Visitor: 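Dropping a structure here in structure tokens format, bear with me for questions.
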Amino acid sequence: MEEIKKESLNFIEEIIENDLKRKKHTTILTRFPPEPNGYLHIGHAKSICLNFGLGLKYGGQTNLRFDDTNPAKEDIEYVNSIKEDVKWLGFEWARELYASNYFDAIYTLTLKLIKKGKAYIDESSAEQIAALKGTPTSVGKDSPFRNRPISENLALFEKMKNGDCAEGSMVLRAKIDMSSPNMILRDPVLYRIKFAHHHQTGDKWCIYPMYDYAHPISDALEEITHSICTLEFEVHRPLYDWTIAELELFPSRQIEFARLNLNYTVMSKRKLMELVKNNLVSGWDDPRMPTISGLRRRGYTPASLREFAHRIGIAKRDNVIDVSLLEFCIREDLNKNAPRMMAVLNPLKINIINWLKDRTEYVSIENNPEQSEAGHREVPFSNELWIEQDDFMENPPKKYFRLTPGGIVRLKGAYIIRCKNVIKDFEGKVVELDCEYISESRSGRDTSGLHPKGVLHWVSAKHAVEAQCRMYDRLFKVESPDAGDGAYKTHLNQDSLKTLPKIYGEPALKTAQKGDTFQFLRNGYFCVDTDSTDNQLIFNRTVTLKDAWAKLAAKG
RNA sequence: UGGCCCGUGGUGUAACGGUAGCACUGCAGAUUUUGGUUCUGUAUGUUAAGGUUCGAAUCCUUACGGGCCAACCA
């Protein structure tokens with residue numbers, strides 16, 4: 001009998017399996033609760049994969065619920081982008097919901113809370129409330145309005161709802177414990193007045209519940225079994241439980257896990273928003289952004305992001321994931337799935353001097369060595385070719401096995417050539433190379449007996465497709481741009497985007513469509529950018545290939 | 001000077017009182033018509049001190065380190 005080692009569970013899965021086993025629940029229901037006040041980033045992707053993944057794994061479901069309790073900061077634009085991103089990641093929600101769907105229910109429940117004497121209207125100013133709140137190390141003091149009669153609370157709450165009170169003039173507070181060591185429990189604000197237009201409810205309401213109050217109620221009304229959020233909400237859990245208990249609702253349980261941190265980038269919505277607003281990037285979907293839309297435009301696939309989320313795991317300790325893991329995940333996917341193409345990014349012209357000027361020969365090159373069923377394509381070879389400037393050196397260092405004066409090299413899928421003559425301009429810069437091809441060296445029928453160490457990619461000049469290339473690198477030049485004071489913007493990598501206005505690709509690239517991904521042989525993975533037009537093909541570099549030579553050369 | 005949470009190689013994450021494992025990264029080598037892929041090898045770890053136990057990364061205590069908490073934000 002083969003012993004099957006069962007995959008270890010993360011702590012949330014353990015809780016769920018335990019709940020299922022003990023029959024606390026017969027099925028599970030999770031939710032992904034974004035606030036529509038910005039675009040989703042890869043940290044949200046972690047949460048999405050967790051919540052939807054759990055639903056899938058345990059045969060339950062997951063709701064998408066917009067946490068839209070603050071109309072001042074939220075917008076329908078974000079609602080739409082969030083839906084698009086979740087779908088693109090490959091998940092389907094059971095129900096599309098909004099916390100605002102429950103505004104009536106929450107209002108009714110609140111009446112019950114007030115009648116129980118568990119909430120009161122406080123007419124103190126925000127400053128007064130803050131002053132009486134105390135500090136983490138000193139207790140708070142009761143508000144002078146704390147013990148007003150229930151009937152008065154009811155009447156004032158009614159007035160508040162009817163729009164008879166000015167913004168900031170009063171709030172509804174829970175009556176819990178002003179001396180609690182947990183600041184969250186010092187009579188938290190439940191409702192505030194905001195005369196703001198809401199993207200879902202329009203102008204129906206001028207009072208809006210706070211997150212801490214609306215969230216447990218929303219969870220409970222949906223009968224969410226496991227309400228998963230990030231660690232900073234841990235201290236809010238007693239309030240979450242208090243709300244459910246006082247209102248006698250479905251016992252949803254909040255569980256917290258550590259949010260994702262990635263090095264060489266920033267992850268807070270506020271900072272990402274600043275980058276966008278200050279035009280430090282081209283938008284939320286700039287390919288350098290850690291947003292889901294940015295990664296999508298960069299050429300990351302949903303599968304690679306899901307794999308990444310799986311590999312980083314779920315735990316409660318703070319973590320900083322190395323971007324190299326993200327890069328590993330996309331390379332792994334694209335290596336297996338992206339068709340290979342040849343494209344010369346920094347061209348150097350070579351003349352095959354013993355090749356007839358008008359002759360074109362087609363050579364057959366595999367589309368993907370990782371997939372035999374991907375087949376081959378025909379690539380034209382002629383007397384004028386482009387190769388990469390880096391692939392020729394007049395005075396090569398040791399272990400350089402590309403083209404050198406008098407040296408030989410294999411042109412991928414075609415012939416071996418020998419460099420016969422180096423042509424320079426008046427400044428001494430190499431501008432062209434005269435080479436001879438070895439006629440009996442054609443790939444697949446090579447009888448030359450030669451074994452060059454180097455194999456170069458190339459493009460026939462007269463058949464080349466021209467395109468623009470955007471070479472992306474990490475947005476920040478330091479590992480922790482967030483460290484220290486708010487000076488993260490000073491760590492921006494000025495070279496995070498280099499545009500190559502004219503690159504030469506093999507003819508098959510002509511029909512490439514937006515979003516298509518390729519491996520440009522020896523250069524990296526690229527995808528067709530959404531800015532492309534019929535007249536101008538634009539590629540984004542998703543990620544480079546691992547480059548052993550670059551490493552060696554850098555060492556000297 | 002408060003409360004809560006968390007400390008396992010460089011980075012993540014397992015081991016649920018019984019041989020500290022896996023992945024990424026690094027390094028070295030093999031293979032290769034991509035200096036890619038693949039394969040092999042290798043380096044680095046239980047924060048510390050006590051205690052319980054035949055046996056502790058795991059349980060207890062203390063210390064140390066990190067994080068969170070004082071929006072009418074989420």
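Every chain is numbered from 1 and lettered A, B, ... according to where its sequence line falls, protein lines coming before strand lines. The structure presented is a predicted model; accordingly, all values stated were derived computationally and were not measured.
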Visitor: For Arg402(A) and rG35(B), is the shortest distance between a side-chain N/O and OP1 or OP2 below 4.0 Å?
Guide: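 For rG35(B), neither OP1 nor OP2 has a side-chain N or O of Arg402(A) closer than 4.0 Å.
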Visitor: Between Lys412(A) (NZ) and rU37(B) (C1'), how many Å, whole number?
Guide: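 That distance rounds to 11 Å.
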Visitor: Quick one: list whatever passes side chain to side chain donor-acceptor pair (under 3.5 Å) with Arg148(A), sequence neighbours left out.
Guide: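 Partners of Arg148(A) under the side chain to side chain donor-acceptor pair (under 3.5 Å) test: Glu123(A), Glu152(A).
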Visitor: Gly413(A) or Glu370(A): which one's nearest nucleotide on RNA chain B is closer to the 5' end?
Guide: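 Going by which nucleotide is closer to the 5' end, it is Gly413(A).
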Visitor: Got a sec, which residues hit salt bridge (Lys or Arg N to Asp or Glu O under 4.0 Å) with Arg192(A), two or more places apart in sequence or on another chain?
Guide: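 Salt bridge (Lys or Arg N to Asp or Glu O under 4.0 Å) check on Arg192(A) returns nothing, list empty.
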Visitor: Where does the angle between the aromatic ring planes of Phe157(A) and Tyr191(A) fall among parallel (under 30°), tilted (30 to 60°) and perpendicular (over 60°)?
Guide: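 It falls in the perpendicular class, over 60°.
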Visitor: When you compare the protein's N or O atoms with those of nucleotides 1-3 of chain B, which come within less than 3.5 Å of each other, and at what distance?
Guide:
{"unit_1": "rG2(B)", "atom_1": "N3", "unit_2": "Pro136(A)", "atom_2": "O", "d": "2.8"}

Visitor: Remember a base hit wins even if backbone is also touched, and classify Glu256(A) as base, sugar-phosphate or nothing at under 4.0 Å, heavy atoms.
Guide: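 If one applies the 4.0 Å heavy-atom cut-off, Glu256(A) turns out to touch nothing in the nucleic acid.
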Visitor: With RNA chain B as reference, determine whether Thr135(A) or Asp547(A) sits nearer its 5' end, using the nearest nucleotide of each.
Guide: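 Nearest nucleotide further toward 5': that of Asp547(A).
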Visitor: In whole Å, what is the span from the CZ atom of Arg522(A) to the C1' atom of rU37(B)?
Guide: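 After rounding, the gap between these two atoms is 15 Å.
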Visitor: For atom P, what is the distance between rA48(B) and rA56(B), given to the nearest Å?
Guide: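 Comparing P positions in rA48(B) and rA56(B) gives a spacing of 15 Å.
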Visitor: Are any non-hydrogen side-chain atoms of Leu326(A) and Ile42(A) less than 4.5 angstrom apart?
Guide: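 In contact.
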Visitor: Is Lys551(A) close enough to rC27(B) that one of its side-chain N or O atoms is under 4.0 Å from OP1 or OP2 there?
Guide: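 Result: yes.
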Visitor: When all nucleic acid strands are considered with a 4.0 Å heavy-atom cut-off, which category describes Ser138(A): base, sugar-phosphate, or nothing?
Guide: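 Here Ser138(A) touches no strand at all.
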Visitor: Between Glu332(A) and Lys336(A), is there a side-chain N and carboxylate O pair less than 4.0 Å apart?
Guide: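 Salt bridge absent between Glu332(A) and Lys336(A).
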Visitor: Checking Ser180(A) against Asn182(A): is there a side-chain donor and acceptor pair closer than 3.5 Å?
Guide: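 Absent: no donor and acceptor within the cut-off.
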Visitor: Tell me which residues in residues 205-216 of chain A put a heavy atom below 4.0 Å from RNA chain B, sorted by number, or none.
Guide: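 Within residues 205-216 of chain A, the residues near RNA chain B are Met210(A), Tyr211(A).
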Visitor: When you measure from the side-chain N and O atoms of Lys194(A) to the phosphate of rC73(B), is any distance below 4.0 Å, counting only OP1 and OP2?
Guide: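 True: Lys194(A) side-chain N/O within range (under 4.0 Å) of rC73(B) OP1/OP2.
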Visitor: How is Arg340(A) classified with respect to the nucleic acid when contacts are heavy atoms under 4.0 Å: base, sugar-phosphate, or nothing?
Guide: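 The answer is base, as Arg340(A) lies within the cut-off (heavy atoms under 4.0 Å) of a base atom.
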Visitor: Ser169(A) near the nucleic acid: base, sugar-phosphate alone, or nothing, with a heavy-atom cut-off under 4.0 Å?
Guide: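 Ser169(A): no heavy atom of the nucleic acid under 4.0 Å.
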Visitor: Can you find an N or O donor on one side and an acceptor on the other, under 3.5 Å apart, linking the side chain of His310(A) with the base of rA23(B)?
Guide: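 By the distance-only test, no, there is no pair.
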Visitor: Of Asp547(A), Asp391(A), Leu345(A), Val455(A), which is the lone residue that meets side chain to side chain contact (heavy atoms under 4.5 Å, CB included) with Arg522(A)?
Guide: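 Among Asp547(A), Asp391(A), Leu345(A), Val455(A), the one that satisfies the side chain to side chain contact (heavy atoms under 4.5 Å, CB included) with Arg522(A) is Asp391(A).
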Visitor: Which of the following nucleotides, rU34(B), rU37(B), rC72(B), is nearest to the side chain of Arg192(A)?
Guide: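 Nucleotide nearest to Arg192(A)'s side chain: rC72(B).
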Visitor: Indicate, with a heavy-atom threshold strictly under 4.0 Å, whether Phe233(A) touches base, sugar-phosphate, or nothing.
Guide: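 The answer is base, as Phe233(A) lies within the cut-off (heavy atoms under 4.0 Å) of a base atom.
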Visitor: Just the rounded figure in Å: distance from P of rC72(B) to CD of Glu167(A).
Guide: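 To the nearest whole Å, that distance equals 14 Å.
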Visitor: Using heavy atoms and a sub-4.0 Å distance, could you list which residues of residues 441-459 of chain A are near RNA chain B? By number, please.
Guide: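 Those residues whose heavy atoms fall under 4.0 Å from RNA chain B, taken from residues 441-459 of chain A in numerical order, are Ser443(A), Gly444(A), Val455(A).
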Visitor: Should we count NE2 of His376(A) as having more than 12 external heavy atoms under 6.0 Å?
Guide: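 Enclosed.
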Visitor: Are side-chain heavy atoms of Ile184(A) and Trp242(A) found at a separation under 4.5 Å?
Guide: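 Side-chain contact under 4.5 Å: no.
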Visitor: Does Pro369(A) reach a base, just sugar-phosphate, or nothing at all? Heavy atoms under 4.0 Å.
Guide: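 Base contact.
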Visitor: Name the one of Ile330(A), Thr517(A), Leu545(A) that satisfies side chain to side chain contact (heavy atoms under 4.5 Å, CB included) with Tyr525(A)?
Guide: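 The single option meeting the side chain to side chain contact (heavy atoms under 4.5 Å, CB included) with Tyr525(A) is Leu545(A).
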Visitor: When you compare rG29(B) with rA43(B), how far apart are their C1' atoms, in angstrom units rounded to a whole number?
Guide: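 Roughly 15 Å separates the two C1' atoms.
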Visitor: Nearest to the side chain of Val189(A), which nucleotide is it out of rC27(B), rC72(B), rC73(B)?
Guide: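 Looking only at side-chain atoms, Val189(A) lies closest to rC72(B).
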Visitor: Side chains of Pro34(A) and His44(A): does their closest heavy-atom pair fall under 4.5 Å?
Guide: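 In short, these two side chains do not touch, never coming nearer than 4.5 Å.
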Visitor: For residues Leu132(A) and Pro144(A), determine if any side-chain heavy atom of one lies less than 4.5 Å from a side-chain heavy atom of the other.
Guide: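 Yes - at least one pair of side-chain heavy atoms lies under 4.5 Å apart.
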Visitor: Not counting sequence neighbours, which residues clear ring pair (Phe, Tyr, Trp, His ring centres under 6.0 Å) with Tyr98(A)? List them please.
Guide: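 With sequence neighbours excluded, Tyr98(A) shows a ring pair (Phe, Tyr, Trp, His ring centres under 6.0 Å) to Phe66(A), given in chain and number order.
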Visitor: In residues 259-267 of chain A, which residues come under 4.0 Å of RNA chain B by heavy atom?
Guide: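 Nothing qualifies; none.
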Visitor: Could you tell me if the side chain of Asn335(A) sits less than 4.5 Å from the side chain of Arg340(A), heavy atoms only?
Guide: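 Side chain of Arg340(A) against side chain of Asn335(A), heavy atoms only: contact under 4.5 Å found.
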Visitor: Under 3.5 Å between N/O atoms: give me all the protein pairs with nucleotides 6-13 of chain B, atom names plus distance.
Guide:
{"unit_1": "rU11(B)", "atom_1": "O3'", "unit_2": "Val320(A)", "atom_2": "O", "d": "3.0"}
{"unit_1": "rU11(B)", "atom_1": "O2'", "unit_2": "Val320(A)", "atom_2": "O", "d": "2.8"}
{"unit_1": "rG12(B)", "atom_1": "OP1", "unit_2": "Val320(A)", "atom_2": "N", "d": "2.7"}
{"unit_1": "rG12(B)", "atom_1": "O5'", "unit_2": "Val320(A)", "atom_2": "O", "d": "3.3"}
{"unit_1": "rG12(B)", "atom_1": "O2'", "unit_2": "Ile312(A)", "atom_2": "O", "d": "2.9"}
{"unit_1": "rU13(B)", "atom_1": "OP2", "unit_2": "Arg317(A)", "atom_2": "NH1", "d": "2.8"}

Visitor: Check the distance between rU37(B)'s C1' and Asp333(A)'s CG and give it to me in whole angstrom.
Guide: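 Distance check: Asp333(A) CG to rU37(B) C1' gives 14 Å.
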Visitor: Identify whether any heavy atom of Tyr400(A) sits under 4.0 Å from a base atom; if not, whether one sits that close to sugar-phosphate; answer base, sugar-phosphate or nothing.
Guide: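 Base contact.
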Visitor: Could you tell me whether the side chains of Asp482(A) and Ser480(A) share a donor-acceptor contact shorter than 3.5 Å?
Guide: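 No donor-acceptor contact under 3.5 Å links the two side chains.
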Visitor: Can you list the residues that meet the side chain to side chain donor-acceptor pair (under 3.5 Å) rule with Lys269(A), with sequence neighbours excluded?
Guide: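 Only Asn37(A) meet the side chain to side chain donor-acceptor pair (under 3.5 Å) criterion with Lys269(A).
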Visitor: Suppose we call a contact any N or O donor and acceptor under 3.5 Å apart; does that hold for the side chain of Arg410(A) and the base of rU33(B)?
Guide: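 Check passes, donor-acceptor contact within cut-off.
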Visitor: Got a salt bridge between Glu361(A) and Arg442(A), using NZ or NE/NH1/NH2 to carboxylate O under 4.0 Å?
Guide: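 Result for this pair is yes, salt bridge flagged.
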Visitor: Please list, chain by chain and in numerical order, all residues satisfying salt bridge (Lys or Arg N to Asp or Glu O under 4.0 Å) with Asp187(A), sequence neighbours excluded.
Guide: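 With neighbours one apart ignored, the set is Arg146(A).
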Visitor: What stems show up for RNA chain B when you take Watson-Crick pairs (N1-N3 plus N6-O4 or O6-N4) and G-U wobbles (N1-O2, O6-N3), both under 3.5 Å, and require three or more consecutive pairs?
Guide: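 Stems (3+ consecutive pairs) listed as B:2-7 with B:64-69, B:10-13 with B:21-24, B:26-30 with B:38-42, B:47-51 with B:59-63.
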Visitor: Does the side chain of Ser143(A) pick up a donor-acceptor pair with the side chain of Tyr120(A) at under 3.5 Å?
Guide: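 No, no side-chain donor-acceptor contact under 3.5 Å.
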Visitor: Surrounding CZ of Arg377(A) (heavy atoms of other residues, nucleotides or ligands, distance under 6.0 Å), is the total greater than 12?
Guide: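 Yes, enclosed.
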Visitor: Give the intermediate values and the outcome of side-chain hydrogen bond (donor to acceptor under 3.5 Å, both in side chains) for residues Ser227(A) and Arg31(A).
Guide: CA-CA 7 Å; Ser227(A) 177; Arg31(A) 104 267 92 117; 3.0 Å; yes
Visitor: Side-chain contact, heavy-atom cut-off 4.5 Å: Gln254(A) with Asp219(A)?
Guide: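 They are not in side-chain contact.
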Visitor: Taking the six-membered ring for Trp, are Trp284(A) and Tyr78(A) parallel (under 30°), tilted (30 to 60°) or perpendicular (over 60°)?
Guide: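 Perpendicular, since the angle between the ring planes exceeds 60°.
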Visitor: Kindly give the atom pairs (protein nitrogen or oxygen, nucleotide nitrogen or oxygen) under 3.5 Å for nucleotides 43-48 of chain B.
Guide:
none

Visitor: Would you mind calling rA48(B) syn or anti? Take O4'-C1'-N9-C4 for purines or O4'-C1'-N1-C2 for pyrimidines, and syn is within 90° of 0.
Guide: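 Anti conformation for rA48(B).
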